[in-house]
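Some notes on the structure that comes next.
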Number of protein chains: 2
Amino acid sequence: MAEIRTADTRERILDAGERLFMAHGYEGTSMRLITSEAAVNLAAVNYHFGSKESLIQEVFRRRLDWLNEERMRVLVEMEDAAAGKPLKPSQIVDGFFGTLLRMADDEERGGVTFLRLLGRTLTEPSEFIRTFLAHEYATVMDRYKEAFFKALPDVPKAEIVWRFHFMLGATSYAIAGTDALASGD
Amino acid sequence: MAEIRTADTRERILDAGERLFMAHGYEGTSMRLITSEAAVNLAAVNYHFGSKESLIQEVFRRRLDWLNEERMRVLVEMEDAAAGKPLKPSQIVDGFFGTLLRMADDEERGGVTFLRLLGRTLTEPSEFIRTFLAHEYATVMDRYKEAFFKALPDVPKAEIVWRFHFMLGATSYAIAGTDALASGD
DNA sequence: CTATGATTCAAACGAACGTATGAATCATAG
DNA sequence: CTATGATTCATACGTTCGTTTGAATCATAG
């Protein structure tokens, strides 16, 4: 079995898809643009991934698998160190958002490109992408929400969820970095 | 000149476009979907607006003209009342975001539909839309930034701009309301 | 009522899209 | 070296896209 060329082709497609989906969105990025940027044949995407939908899911899975594991690992580590006592909210924030931002410095894990793709995709209109992302995030999100509930027992849960949403929004917008409102300075 | 039918057709197209661009994004919304939802002929969009690009710009202009004027009016009114003294930051925040949120209760001005469209479009991948939005926002944004600079003379300007961005992100994400991370509760 | 200009309509255009096909090319096992 | 299965390739398929066209229909002015 020839593995070397396959691995090259697959990764070049994933890299090109990551960058182009970030720059032009899912619908705005054509297969021909991806394959020409990756310097592979047009049919390569369908051969290796099956479809355009499967491709973008694999683009995310490649990065999110690590991010999910790392976020979970950090949280469990902090909880073990706390030995039953509730964590400080700032610890949980750092576990969730700090882990994400440290990913931006790691070019091997997608760097700022993937971060901006992720930030923009949280408001992506395509239904199947949002559904897929929600599913990928579900387990870790629930664990972090539970951690916040324990750390802030006097704050209503609905209020905590709102604050979490606001942090997510502020982060993803800053990350997406469209500068839509920079207005020239 | 027949004005009655034209006005109906134009507004029905704008309403359908507003709702569909919100739900499926710019690239994800076809002319045929818009015209069938608006119950007008396929060629009506090109006849009345010229192109799909011009249509979405008109969808935004219809609402943003009022929002820009209202935000400016509120700010000037507060500054006049303050008679030269700096405004409280919370006043400026309310002038900018309060005005936006009050728009959500006004169905005549687009209500939550336009608000969600606006929230999602701030991270829209299409270049020309972000450029257009930045241009529409530029004047008012600069005036509000200046107001913040005066209200918070001891805070570095770059820090103020960051905080403004975070507020914008938190607001637009909460407004967009994709629930991408609701994870089922 | 008739003429005129604005608007609507059905139909078609060429281009771009995602995907499928079958032959050519490659790396490796025997 | 030859056979085999994986991969790449040029090409084409059917669909959908935004836009255009010219005739039909409408409302109003004279």
Side-chain angles (χ1 to χ4, degrees), chain A residues 1-60 62 121 124-129 131-132, chain B residues 1-60 62 121 124-129 131-132:
Chain A
M1 306 174 211
E3 292 283 344
I4 298 167
R5 292 195 316 174
T6 298
D8 268 6
T9 300
R10 276 184 60 99
E11 283 213 7
R12 278 217 306 278
I13 292 172
L14 288 171
D15 288 343
E18 188 172 70
R19 184 170 58 255
L20 292 169
F21 286 141
M22 179 271 286
H24 309 114
Y26 176 72
E27 313 257 16
T29 304
S30 69
M31 303 283 261
R32 284 162 179 83
L33 188 59
I34 295 171
T35 52
S36 85
E37 181 114 343
V40 301
N41 187 269
L42 170 61
V45 172
N46 290 280
Y47 176 77
H48 285 285
F49 300 95
S51 67
K52 190 185 176 188
E53 288 202 5
S54 300
L55 169 61
I56 195 173
Q57 290 181 226
E58 192 56 36
V59 166
F60 277 106
R62 176 171 71 145
T121 307
E124 169 78 32
S126 294
E127 176 95 2
F128 88 94
I129 297 181
T131 304
F132 166 76
Chain B
M1 304 173 209
E3 290 285 342
I4 297 168
R5 294 195 315 176
T6 297
D8 267 7
T9 300
R10 277 183 61 99
E11 282 212 8
R12 278 217 306 279
I13 291 172
L14 288 171
D15 288 343
E18 187 172 70
R19 184 170 56 254
L20 292 168
F21 286 140
M22 179 271 287
H24 309 114
Y26 176 73
E27 312 259 16
T29 303
S30 69
M31 303 284 262
R32 284 162 180 83
L33 189 59
I34 295 171
T35 51
S36 84
E37 181 114 342
V40 301
N41 187 269
L42 169 62
V45 172
N46 289 281
Y47 176 77
H48 285 285
F49 300 97
S51 67
K52 190 185 177 187
E53 287 202 5
S54 299
L55 170 61
I56 194 173
Q57 288 181 227
E58 193 54 37
V59 165
F60 276 106
R62 176 171 71 146
T121 307
E124 171 77 31
S126 294
E127 177 96 3
F128 87 94
I129 297 181
T131 304
F132 166 76

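So that the names make sense, note that chain A is the first sequence line, chain B the second, and so on, each numbered from 1. Note that the structure is a prediction, hence the values are computed from the model and not measured.
Legend: residues meeting salt bridge (Lys or Arg N to Asp or Glu O under 4.0 Å) with Glu37(A), ordered by chain and number and at least two apart, are Arg19(A). Applying the salt bridge (Lys or Arg N to Asp or Glu O under 4.0 Å) test to Arg62(B) and every residue at least two apart in sequence or in another chain returns Asp15(B), Glu18(B). The side chain to side chain donor-acceptor pair (under 3.5 Å) search around Glu127(A) returns none, not counting sequence neighbours. For Ser51(A), the side chain to side chain donor-acceptor pair (under 3.5 Å) criterion is met by Ser54(A), not counting sequence neighbours.
For the pair His48(B) NE2 and dT20(D) C1', the computed distance is 16 Å after rounding to whole Å. Atom CZ of Phe49(B) is separated from atom C1' of dT20(D) by 18 Å (rounded to the nearest Å). Counting to the nearest Å, the C1' atom of dT19(D) and the CD1 atom of Ile34(B) are 14 Å from each other. Following rounding to the nearest Å, Tyr47(A) (OH) and dC9(D) (P) show an atom-to-atom distance of 13 Å. To the nearest angstrom, C1' of dT7(C) lies 17 Å from CD of Glu11(B). Atom pair Glu27(B):CD and dT16(D):C1' shows a separation of 14 Å (rounding to whole Å applied).
Dashed line: the shortest gap from a side-chain N or O of Ser30(A) to OP1 or OP2 of dA16(C) is not under 4.0 Å. Considering only side-chain N and O atoms, Thr9(B) lies nowhere under 4.0 angstrom from the phosphate OP1 or OP2 of dT7(C).
Residue Thr29(A) is in sugar-phosphate contact alone, with no base atom involved, counting any heavy-atom pair closer than 4.0 Å across all strands shown.
With the end axes of the helix from dC1(C)-dG30(D) to dG30(C)-dC1(D) each set by five pairs, the angle from one to the other reads 0° at 10° resolution.
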Between the protein and nucleotides 19-23 of chain C, are there any N/O to N/O pairs under 3.5 Å, and if so, what are the atom names and distances?
residue : atom : partner  : partner atom : Å
dT19(C) : OP2  : Lys52(A) : N            : 3.0

